[in-house]
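The structure under discussion appears below in the form of structure tokens.
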Amino acid sequence: MEVNELEQIIRERQGTPSTVFPALMRKVYVWMTMALAITGICAYGVATSPSIMGMIFANSMTIWVLFIVELGLVFYTTARINKLSLTTATTLFIIYSALNGVTLSSIFLVYSMTSIAKVFFITAGTFGAMATYGYFTKTDLSKIGNILFMALIGLIIATVVNIFMKSAMFDMILSYVGVAIFVGLTAWDSQKIKRMLAMQVDMSEGAQKIALMGALSLYLDFINLFLYLLRIFGSRD
């Protein structure tokens with residue numbers, strides 16, 4: 001038996017994180033913060049350029065194309081992560097966060113800058129609290145996570161249905177449900193990432209790709225939580 005394999009078995013039985021665990025966790029939050037910064041810069045940059053805004057939002061087809069490309073990037077990166085190099089996976093993550101910023105620039109057309117900033121800090125505080133809870137809690141959140149994932153699928157279906165119903169009341173209900181789901185998913189993902197990285201024996205490319213996927217999960221949790229909170233607390237221009 002390899003020494004590294006023996007060390008991993010001992011750690012799993014003792015519940016002790018590996019020596020590279022802190023470095024890998026730092027990478028998760030560095031990548032996540034980087035992605036959020038890119039998204040914010042791109043969103044603000046597009047929103048302050050009337051010509052770019054007109055080019056993007058004048059045609060609804062452009063929005064749909066961007067949306068489909070974003071989904072494709074997430075699904076492709078997630079499905080092919082084991083075959084992609086770390087550099088390629090990181091590049092795809094950066095491209096995705098930039099495109100997401102382009103599409104999110106539309107919030108500046110609907111909400112005031114003050115309310116966007118206010119909701120961002122509310123989101124940061126809520127996200128930080130739930131990520132901390134997920135990291136430190138001794139409770140196994142895996143069962144709750146599976147329920148939340150199924151609830152997320154239901155939320156997506158209900159949102160699509162409401163596109164045709166156009167019910168403001170139902171939309172607000174979905175917003176509160178969305179907040180509850182992503183608050184829970186933040187804690188679940190935080191615990192799941194901690195457990196996966198605690199078992200890594202070194203700073204190999206494989207271990208860093210796990211950290212990158214963890215950053216993507218938390219990034220998506222933050223963005224979705226922000227958008228649902230914005231629909232509840234955002235002040236419209």
Side-chain angles (χ1 to χ4, degrees), residues 24-113 115-124 126-128 131 152 156 159 178 182 185-186 189-190 193 205 208-231 234:
L24 289 170
M25 283 302 301
R26 280 196 299 271
K27 280 186 173 291
V28 170
Y29 286 101
V30 167
W31 273 321
M32 176 196 159
T33 303
M34 174 196 69
L36 288 174
I38 292 172
T39 298
I41 291 170
C42 289
Y44 184 76
V46 172
T48 53
S49 174
S51 59
I52 298 177
M53 288 289 282
M55 181 176 63
I56 295 173
F57 296 102
N59 188 344
S60 61
M61 184 59 68
T62 304
I63 299 299
W64 280 107
V65 169
L66 287 172
F67 181 68
I68 292 171
V69 170
E70 286 184 52
L71 284 179
L73 281 172
V74 171
F75 287 132
Y76 178 80
T77 304
T78 303
R80 304 278 297 178
I81 188 62
N82 291 328
K83 296 183 178 180
L84 295 173
S85 68
L86 179 62
T87 301
T88 301
T90 305
T91 301
L92 291 175
F93 188 18
I94 292 172
I95 293 172
Y96 171 73
S97 60
L99 288 176
N100 205 26
V102 173
T103 55
L104 288 179
S105 62
S106 60
I107 65 175
F108 290 95
L109 297 174
V110 181
Y111 302 99
S112 67
M113 183 73 73
S115 68
I116 291 173
K118 177 186 70 176
V119 172
F120 177 83
F121 286 113
I122 292 173
T123 304
T126 305
F127 177 89
L152 176 59
I156 294 171
T159 301
F182 283 101
L185 285 176
T186 298
D189 283 332
S190 180
I193 292 165
E205 183 169 290
Q208 293 186 67
K209 285 194 288 187
I210 293 174
L212 181 66
M213 288 296 95
L216 175 59
S217 296
L218 292 178
Y219 167 84
L220 291 172
D221 290 339
F222 188 100
I223 291 295
N224 282 285
L225 181 59
F226 169 73
L227 291 175
Y228 282 114
L229 285 171
L230 189 61
R231 290 164 69 176

Heavy-atom check, side chain of Asn100 versus side chain of Tyr219, under 4.5 Å:
yes

Closest contact, heavy atoms only, Ala89 versus Ile81:
CB-CD1, 3.7 Å

Tyr29 side, atom OH; Leu36 side, atom CG - distance, nearest 0.5 Å
11.5 Å

What are the two closest non-hydrogen atoms of Lys209 and Leu86, and how far apart are they?
CG-CD1, 3.8 Å

Closest heavy-atom pair and its distance - Thr90, Leu212:
N-CD2, 3.6 Å

Least distance between heavy atoms, Ala211 atom then Trp31 atom:
CB-CZ3, 3.8 Å

Quick one: CZ on Phe127 to CZ on Phe120, what's the gap to the nearest 0.5 Å?
10.5 Å

Please answer whether the main-chain N or O of Phe75 pairs with a side-chain N or O of Thr78 as donor and acceptor at a distance below 3.5 Å.
no

Could you grab the distance from atom CD1 of Ile94 to atom CG of Leu99, nearest 0.5 Å is fine?
12.0 Å

Please name the pair of heavy atoms, one in Ala58 and one in Gly54, separated by the smallest distance, quoted to 0.1 Å.
CB-O, 2.7 Å

Can any side-chain N or O of Ser106 pair as donor or acceptor with the backbone N or O of Thr103 at less than 3.5 Å?
yes

May I ask you to decide if Leu73's main-chain N or O and Thr77's side chain share a donor-acceptor pair within less than 3.5 Å?
yes

Short question: side chain of Ser190, backbone of Ala131 - any donor-acceptor pair under 3.5 Å?
yes

Between the main-chain N or O of Gln208 and the side-chain N or O of Lys27, is there a donor-acceptor pair closer than 3.5 Å?
no

Would you call the rings of Tyr228 and Phe182 parallel, tilted or perpendicular, taking 30° and 60° as the class edges?
parallel

Rounding to 0.5 Å, atoms CG (Leu227) and CZ (Arg231) come to a distance of 8.0 Å

Any side-chain heavy-atom pair from Met113 and Tyr44 closer than 4.5 angstrom?
yes

Side-chain heavy atoms of Leu220 within contact of Tyr96, under 4.5 Å
yes

Calculate, to the nearest 0.5 Å, the distance between atoms OG1 and NZ belonging to Thr88 and Lys83 respectively.
14.5 Å

Using every non-hydrogen atom in the two residues, find where Ser105 and Met53 come nearest and quote the distance to one decimal.
OG-SD, 3.7 Å

Would you indicate whether the side-chain heavy atoms of Phe226 and Ile107 approach each other to under 4.5 Å?
yes

Would you say that Tyr76 contacts Leu84 through its side chain, given a criterion of any heavy-atom pair below 4.5 Å between the two side chains?
yes

Nearest 0.5 Å, please: how far is CD1 in Ile63 from CD1 in Ile68?
11.5 Å

Would you sort out whether Val110 and Leu230 count as a side-chain contact (heavy atoms from CB on, under 4.5 Å), showing the intermediate values?
CA-CA 10 Å; Val110 181; Leu230 189 61; over 6 Å; no

Quick one: are Ile41 and Ile38 in side-chain contact, heavy atoms under 4.5 Å?
no

